[in-house]
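Counting begins at 1 with the first residue of the sequence.
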Amino acid sequence: MATGLVSRKPKETAQPAPAGPVPITQDAPRRRRRPVVVGAGLALAAVGALVAVWQVDAAGNRVSVMALAHDVKAGEVVKASDLIAAQVAPDPALAPVPVTHSKDIVGKVAAADLHKGSLVTDASVSATAGAAKGKDTVGILAKPGQLPARSLRAGDAVIVVNTPAENADPKAAGQKTTPDSIPAVVVLVSSPDANGAVVVDVAVSGTDSSSLAVWAARGTASLVLKAKN
């Protein structure tokens, strides 16, 4: 009996693994950048650069002005030790006094209570010290209606008028039709009390201080702010 020949395929031998990393034959996919995002990023960078330039420019344009080193009460003479230099950006709305003009401030009196850290302006002081020199000072308790609505400041020139008592008839009391008046200069104004009344210290000549003190005690003294020439 004939036996058929069986053909056998040769065994396939396993291929050895390649040594080293397998080379990449295709480039990895890249994400596409959107033009809008790129434009926004460039715009933000430009804005940041402009802000930085503005800050540097503003810092370089600061000026040296005068500020208060500590509190100074109204009516007190401002001394050089009361002032310090402060660096601020120029602002016409503030109108601070430059340090180079300190001679215009030192020696004058505070027109109101000046607080530590506040900037000094021309309105912060007045020349009351010279105007009140050699004169007497009289305090007047003035209620609303006895002084102008505009707050008085140290250095203001005023006229103190002796007004008749309420419901009094000047002719029956033998008083003059034209009330007596005394020129004065405001030295100090207190803060208003709960009823809105303030104490106003005024400087007057020695010949008028006694009469003015009587008017003040009676509560008949009213203050008129003189017009500036």
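Counting heavy atoms from C-beta on, the side chains of V125 and V109 never come closer than 4.5 Å. In this structure the side chain of L68 reaches within 4.5 angstrom of the side chain of V120, judged on heavy atoms. Put simply, the side chain of I182 reaches to within 4.5 Å of the side chain of W215, judged on heavy atoms. Looking at heavy atoms from C-beta onward, L212 lies in side-chain contact with I140 at the 4.5 angstrom threshold. When side chains are defined from C-beta on, S102 counts as touching M66, because their heavy atoms get closer than 4.5 Å. Residues S211 and V214 have side chains not in contact (no heavy-atom distance under 4.5 Å, counting atoms from C-beta outward). Looking at L114 and D71, their side chains never come closer than 4.5 Å, going by heavy atoms from C-beta outward.
In this view, A197 and L141, K143, D193 satisfy the side-chain contact (heavy atoms from CB on, under 4.5 Å) rule, not counting sequence neighbours. Residues satisfying the side-chain contact (heavy atoms from CB on, under 4.5 Å) test with T121, not counting sequence neighbours, are A123, S124.
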**Q.** Candidate pair K108 and V77, rule side chain to side chain contact (heavy atoms under 4.5 Å, CB included), full reasoning
**A.** CA-CA 5 Å; K108 294 184 179 180; V77 177; over 6 Å; no
Q: Under the side chain to side chain contact (heavy atoms under 4.5 Å, CB included) rule, what do L147 and V198 come out as? Steps first, then yes or no, please.
A: CA-CA 9 Å; L147 70 170; V198 298; 3.6 Å; yes
Q: Begin with the C-alpha distance, continue with both residues' side-chain angles, and end with the deciding distance and a verdict on side chain to side chain contact (heavy atoms under 4.5 Å, CB included) for V189 and R153.
A: CA-CA 7 Å; V189 181; R153 295 191 294 264; over 6 Å; no
Q) So V78 and L83, side chain to side chain contact (heavy atoms under 4.5 Å, CB included) or not? Walk me through it. A) CA-CA 8 Å; V78 179; L83 305 173; 4.1 Å; yes
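Side-chain N or O atoms of Q87 include none that pairs as donor or acceptor with a backbone N or O of V65 at under 3.5 Å. A donor-acceptor contact shorter than 3.5 Å is absent between the side chain of T163 and the backbone of S222. Judged by distance alone, with hydrogens and angles left aside, the side-chain atoms of D208 form no donor-acceptor pair with the main-chain N or O of S205 at under 3.5 Å.
Interatomic distance, I84 CD1 to K116 NZ, rounded to the nearest 0.5 Å: 8.0 Å. Distance CG/N162 to OG1/T220: 4.0 Å, rounded to 0.5 Å. Taking NE2 of H70 as the reference point, atom NE2 of H115 lies at 14.0 Å (rounded to 0.5 Å).
Heavy atoms only, all atoms of each residue included: A157 and L225 are closest at O-CD1, 3.7 Å. Across all their heavy atoms, A86 and A67 have their closest contact at CB-CB, 4.1 Å. Nearest heavy-atom pair, V199 versus S190, reported as atom, atom and distance to 0.1 Å: N-OG, 2.8 Å. Minimum interatomic distance between V204 and P183 (heavy atoms only, all atoms of both residues): CG1-O, 3.7 Å. The two atoms that bring A110 and K73 nearest to each other are CB-O, 3.4 Å, heavy atoms only. Considering all non-hydrogen atoms of both residues, I159 and K226 come closest at CG1-CG, 3.5 Å.
None of V187, L223, T137, L188 except one satisfies the side-chain contact (heavy atoms from CB on, under 4.5 Å) rule with V202; the exception is L223.
Salt-bridge check for R150 with D156: passed, with a basic side-chain N closer than 4.0 Å to an acidic carboxylate O.
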